[in-house]
J.: 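Sharing a structure, written as structure tokens. Questions coming.
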Amino acid sequence: MKKFIITTLAALAALTLCGCSDSAEDTFSERSWQSGETEITSVSIDVRDRAVVVAISPDECVSMDYFDSDKEFFDISVSAAGDLTVTAADDKQWSDYIGSKADASVRQIYIELPQSALESLTISTTNEDVTLPALSVAKTISVSVNGGSIFVNGADAGRALTLASKNGNISGTVAGAYEDYAITCDIKKGESNLPASKSGGERALNVTANNGDIDIQFTGRGD
């Protein structure tokens, strides 16, 4: 029986080392995507283990820089209505999940979006941060992070701004005055400068943090 256990453990160790080796050999390449003359009306990014950095486009087009490999890549599509969707995809075996993840230098998506041209923006990621600039979106902005923080620098959503984090902080500024927003704030195991609830205001600000702090300030300026 003892010999069987030792043999089994040795086999599992060999498989583990094999998985680590395969993961380390996965080569990432830098890629770019541009919308060109295609009009983009909404953007949805649903990825894993990727930091997402949003910037304002200098030419009113959408452009994106990212890294992919044979085992980790993205499905990128644009609907007839102009909805851009970026979704994580992979071609991994179970052994590929054993060992260290890709280097931080390739775990980032940098996307430039046109100012005031989108109706909605949705971003979801895990284990990394999301950074938003003073981008104006006609209807809604929604950001969700599990295992990372959200940084906003004057984000401006015409109808509703939703920010949610687990095991991370939410901080920065949003466009407009405090009085412009109807606020809901749900926080667990952290501190917040926002009230749990506030009525009034033509726009909604919904903020949720689990095991993280909330510190949102208002620029006092809005459209």
Side-chain angles (χ1 to χ4, degrees), residues 35 40-47 50-65 82-86 108-126 128-166 168-187 190-198 200-210 212-223:
S35 60
I40 303 299
T41 57
S42 72
V43 174
S44 177
I45 300 173
D46 185 5
V47 294
R50 292 296 184 271
V52 181
V53 178
V54 181
I56 296 175
S57 172
D59 57 9
E60 294 303 306
C61 294
V62 176
S63 63
M64 183 170 60
D65 296 324
D83 302 317
L84 170 62
T85 302
V86 181
Q108 177 174 290
I109 296 173
Y110 177 82
I111 185 166
E112 293 183 343
L113 301 176
Q115 182 69 286
S116 305
L118 299 179
E119 291 188 356
S120 65
L121 170 63
T122 303
I123 300 174
S124 177
T125 191
T126 64
E128 296 289 349
D129 301 333
V130 173
T131 304
L132 287 180
L135 179 73
S136 295
V137 174
K139 295 182 180 179
T140 61
I141 296 175
S142 178
V143 180
S144 175
V145 179
N146 188 341
S149 295
I150 300 172
F151 305 96
V152 290
N153 185 20
D156 185 1
R159 294 185 183 175
L161 173 61
T162 301
L163 307 171
S165 71
K166 184 176 181 180
N169 301 320
I170 301 173
S171 62
T173 60
V174 298
Y178 177 79
E179 293 75 16
D180 296 333
Y181 289 91
I183 299 173
T184 60
C185 179
D186 183 13
I187 187 165
E191 298 181 354
S192 173
N193 70 324
L194 295 178
S197 178
K198 171 189 169 295
E202 296 182 352
R203 295 191 274 183
L205 175 61
N206 309 307
V207 187
T208 303
N210 188 340
D213 297 331
I214 296 172
D215 184 4
I216 294 295
Q217 306 294 330
F218 299 85
T219 66
R221 304 188 309 274
D223 295 335

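Starting from 1, each residue takes its place in the sequence as its number.
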J.: Could you pull out every donor-acceptor pair under 3.5 Å between side chains of residues 53-63 and any protein atom, sequence neighbours left out?
T.:
residue	atom	partner	partner atom	Å
Ser57	OG	Asp59	N	3.2
Ser57	OG	Asp59	OD1	2.6
Ser57	OG	Glu60	N	3.3
Ser57	OG	Cys61	N	3.3
Ser57	OG	Cys61	O	2.7
Asp59	OD1	Cys61	N	3.1
Ser63	OG	Glu112	OE1	3.2

J.: Could you verify whether a donor N or O on one side chain and an acceptor N or O on the other, from Thr126 and Asn146, lie under 3.5 Å apart?
T.: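 Their side chains do not contain a donor-acceptor pair, so the 3.5 Å distance test is not met.
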J.: Spell out, as yes or no, whether a donor-acceptor pair under 3.5 Å connects the side chain of Arg203 to the backbone of Ala157.
T.: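 Yes, because the side chain of Arg203 sits within donor-acceptor range (under 3.5 Å) of the backbone of Ala157.
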J.: Find out whether Val145 and Asp129 are in side-chain contact, i.e. whether some heavy atom of one side chain is under 4.5 Å from a heavy atom of the other.
T.: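 Of all side-chain heavy-atom pairs linking Asp129 with Val145, none is under 4.5 Å.
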J.: Determine, stepwise, if the pair Leu132 / Ile123 fulfils side-chain contact (heavy atoms from CB on, under 4.5 Å).
T.: CA-CA 10 Å; Leu132 287 180; Ile123 300 174; 4.1 Å; yes
J.: List for me each residue that meets ring pair (Phe, Tyr, Trp, His ring centres under 6.0 Å) alongside Tyr178, sequence neighbours excluded, and say none if there are none.
T.: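 Ring pair (Phe, Tyr, Trp, His ring centres under 6.0 Å) check on Tyr178 returns Phe218.
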J.: Take atom NZ of Lys198 as the centre, draw a 6.0 Å sphere, and report whether it contains more than 12 heavy atoms from other residues, nucleotides or ligands.
T.: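 Correct, the count exceeds 12.
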J.: Are the side chains of Val130 and Leu163 in touch, meaning some heavy atoms are under 4.5 Å apart?
T.: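 A side-chain contact under 4.5 Å is absent here.
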J.: Thr173 side chain to Gly154 main-chain N or O, any donor-acceptor pair under 3.5 Å?
T.: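 Yes, the answer is positive, given that a donor and an acceptor are paired below the 3.5 Å cut-off.
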J.: Taking Glu128 first and then Arg50, would you say they form a salt bridge - that is, a charged N and a carboxylate O separated by under 4.0 Å?
T.: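 Judged by the 4.0 Å cut-off on N to carboxylate O distance, Glu128 and Arg50 do not form a salt bridge.
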J.: If only atom types and distance count, is the side chain of Asn169 paired as donor or acceptor with the main-chain N or O of Ser149 below 3.5 Å?
T.: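 Not confirmed, Asn169 side chain does not pair with Ser149 backbone.
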J.: Assess, by modelled atom type and distance only, whether the side chains of Thr208 and Asp186 contain a donor and an acceptor separated by less than 3.5 Å.
T.: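 Side-chain D/A pair, Thr208 to Asp186: absent.
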